[in-house]
Amino acid sequence: MAEAADFQGTSPSPARRWLRRTGAVLAGTPLLTGLLQLPAASPAEAAAPAAPRAASDDGSVAVSVDSLTPGAPAEGDTVTVSGTVTNKGKKTVTDASVGLRVGSLLDTRSSIDTVAKNSDDIGSPVGAEIDDKYTEKFSKLTPGVSQPYTISVPADELDLGQDGVYDLSVTLTGETSDQPWEQTLGVRHTFLPWQPDEADTKTKTTFMWPLISTVHMTAETGSDEEQTPVFHDDELAEEISPGGRLDRMVALGKDLDVTWVIDPDLLASVEAMTTRYEIPGENADDKNAVGGHQAVAKRWLTEVQKAVADKEVVALPFGDPDLASLAHHGTSVTGSLRHLKEATDVAAGTVESILHVNASTDFAWPVEGAVDPSIIKVSTSAGADKVITRGDTFEGGRDLTYTPTAPRPIGGGTTAVVADARLSTVFDGDMTRASASTQAVQRFLAQSLTLALQTDRPRSVVIAPQRTPSAAQAQTMAEAIGALQDSTWSQPQDLTAAAKSKPDPDAGTEVPPASAYPKSLRKQELPRSAFEQIARTQDKLDRFKVILSNPSRVVTPFGRALNRGMAASWRGRPAEAAIYRSGVETYLDTLSSQVRLIEKSDTKLSGRSATIPVTVQNNLVQGVEHLVLRLTSTNPTRLEIDGNAYEEQPIAVSGGHSQSVKFTTNANANGRATVVAQLYTQDGRPYGQPVTFDVKVTEITATVMLVIGGGVLLLVLAGFRMYTQRKRAAARQAEEREQENAADAADADAGDAKNPEASERRPTQESAPDTREDAPEQPSDPAPDTAPESADPSGTGERVDR
């Protein structure tokens, strides 16, 4: 922002600047100090006595201002300042006195910065001390010992002049044994805003109140029906417990006029804690190992619901992705912007389902508000049309003598909402010390009033503090906002209203170039390899989900885990970020490997055709389907799979079961053939690792043929032998019957000679054969080979042999 914007209307006269410089140079000269430290802005200082000369051992006593109330006094108020004085030197300080001094009017924002930077410099002009009755005295200050003080002064006694910010100093004067004269041994400069009457034109001020945390949930879930979530630590429980950082953010913010800026991942993570959750590596007997903070999580969510009930809520994309890292390193990786779009799409629904309020998703918030053209492009790619930037990285305007209003149209329907840099960064640093907190509050009020007095133009000012304030920082912010809301120059405004306010035509609207992006921020960005790993994991997830009967059990937790892998909270923690992303990918690999082919040993094929079984195992809780198992012969001329080089069969296996699939093979030649079994998704992409085994064909050999031929020959010979033996036996029996018949005939002839009539009645064998149907068949009678032929046509269904 141009330096001209620091001025409150007109600059001091040359004579006045000369007087200040001369006073600063000669402040240490005892004889001239009282003459040259005359006031430039307050009549009360003109009549004040000369200030004591500064100590030769500069700053031997440390002075702190731990409390200043009220922060912005009005007429009739009493200003109370309290703190401590500590002797840092080696000499005891005697006749010590703590008093207040009102310095000159600080009429530019940069002059406030200068005083804040040198707040303990005893060489700076401090003005004249207020009446001696408003002092606190100490007989002595022992080295290393601290003493508290409290001074209360009616605002009217301060004799403040025109509206503005005054340098209020607390000084300690005293003597030491080696320098026995009154001297200034310690000082603490702070700020006293003074505008007792209501301003004609108040500054509309928007304070963003962020509810954002780091990543706590993993992609892993339990195998139970509820899918018990798994956290990689239990730090979130500490943050939402009474007194924790997020607990304080909610407790303090509920009474303030602020715009809540929330990461939906935080809400989803706390909601997951309201039921059973697990922490890997913990003792199973420890309640934290199975999630012992359900009551704490429920209480915190209830408090958040109450706090935001009537307030504006802005939802960041799920997981608060690092927009600058995505713009500088992720856009060249396919699919990276897809994750930003998904994170934005689920944001409003997540907030609404948990807090029961409608949240705006129109705002993008890059880290520290630093932008360049690529960051603007990425920020708006998911639907946001307002980008929160910061004045120290976005030009204010040419030749402006005031800080312009926040909204800046930058083209393409996009508005840059420029947050004030000084007001946004004043709460950085350690606020655990009361002195630091009080100084931050007074500096905040001083900057706000000085900004308001720059012009009578109506303006909207936006304050975007650090993303994850500590509990102490949140406390300091709340004190400052409370004092500002009670002031006479400011009024609260929602972020959406600020973004829609009328832009200043003289304000700068040019987006800073990439070369202007802060190098310190660029060093903290996620590398390209991070987005490549996320893309690789997404590709694996896409291949895995198509085979699942209930893909949502996997897609949802892994999708949100990939969003968390791009979180802005990983800045400055590259090792932890890499571990998290690798953990997500490794767990997905573990799940995918639960659906696999069982290894097979080599197989012997002892026939011309055989069946080969291949087993698919599913160790997942849910069933798998839409898979194809392909068995391929690498040598189809030797071994065919169902008459081809390969065969495919669809696969569907229930959760926790195995299924064997049988393939028919045909052997064409002897030898060894390699067979490959591979699972494929229905779109033809390989799934899992293939299983390779050998099939040895041993059926067709000369030895086998000789054995078979020899066996047949033996059977034929045995049959022929049995036939010849039966034929010889039949011939012998026939010969014996002929002999018997011949003997019978001879006996008959002899009888005929005696009885001629009997001989005539007996027929002979040739002329009268026995033709009875029931005549017994003789052993020697051969059986007919075929049935007697017939000349008639064959009947229907009768087989005709030809």
Per the side-chain hydrogen bond (donor to acceptor under 3.5 Å, both in side chains) rule, which among D234, D265, D233 passes with H216? D233

Quick one: sort the Y687 and F544 rings into parallel, tilted or perpendicular, breaks at 30° and 60°. parallel

Geometric class of the H328/Y517 ring pair [parallel <30°, tilted 30-60°, perpendicular >60°]: perpendicular

Cut-off 3.5 Å, side chains only: do [X] and [Y] have a donor facing an acceptor?
X	Y	value
S549	E625	no
E312	T496	yes
S490	T205	yes
E239	S213	yes
R528	S332	yes

Between [X] and [Y], does any side-chain N to carboxylate O distance fall below 4.0 Å?
X	Y	value
R536	E585	yes
D345	K341	yes
R443	D113	yes
R467	D320	yes

Look at atom CG of D310 and say whether more than 12 heavy atoms of other residues, nucleotides or ligands are closer to it than 6.0 Å. no

Contacts of D263 meeting salt bridge (Lys or Arg N to Asp or Glu O under 4.0 Å) (sequence neighbours excluded), chain-then-number -> none

Sequence neighbours left out, what passes salt bridge (Lys or Arg N to Asp or Glu O under 4.0 Å) with R248? Give chain and number order. none

Quick check: does any side chain N or O of Q473 sit under 3.5 Å from a backbone N or O of D428, one acting as donor and the other as acceptor? no

Please confirm whether the backbone N or O of A421 pairs with a side-chain atom of S424, one donor and one acceptor, at under 3.5 Å? no

Consider side-chain contact (heavy atoms from CB on, under 4.5 Å). Of L246, T214, V215, I212, which one does L266 pass it with? L246

CG of L323 to CH2 of W365: how many Å apart, nearest 0.5 Å? 11.5 Å

Can you list every side-chain hydrogen bond (donor to acceptor under 3.5 Å, both in side chains) pair that touches residues 350-364, not counting sequence neighbours? none

Find out whether T228 and E278 are in side-chain contact, i.e. whether some heavy atom of one side chain is under 4.5 Å from a heavy atom of the other. yes

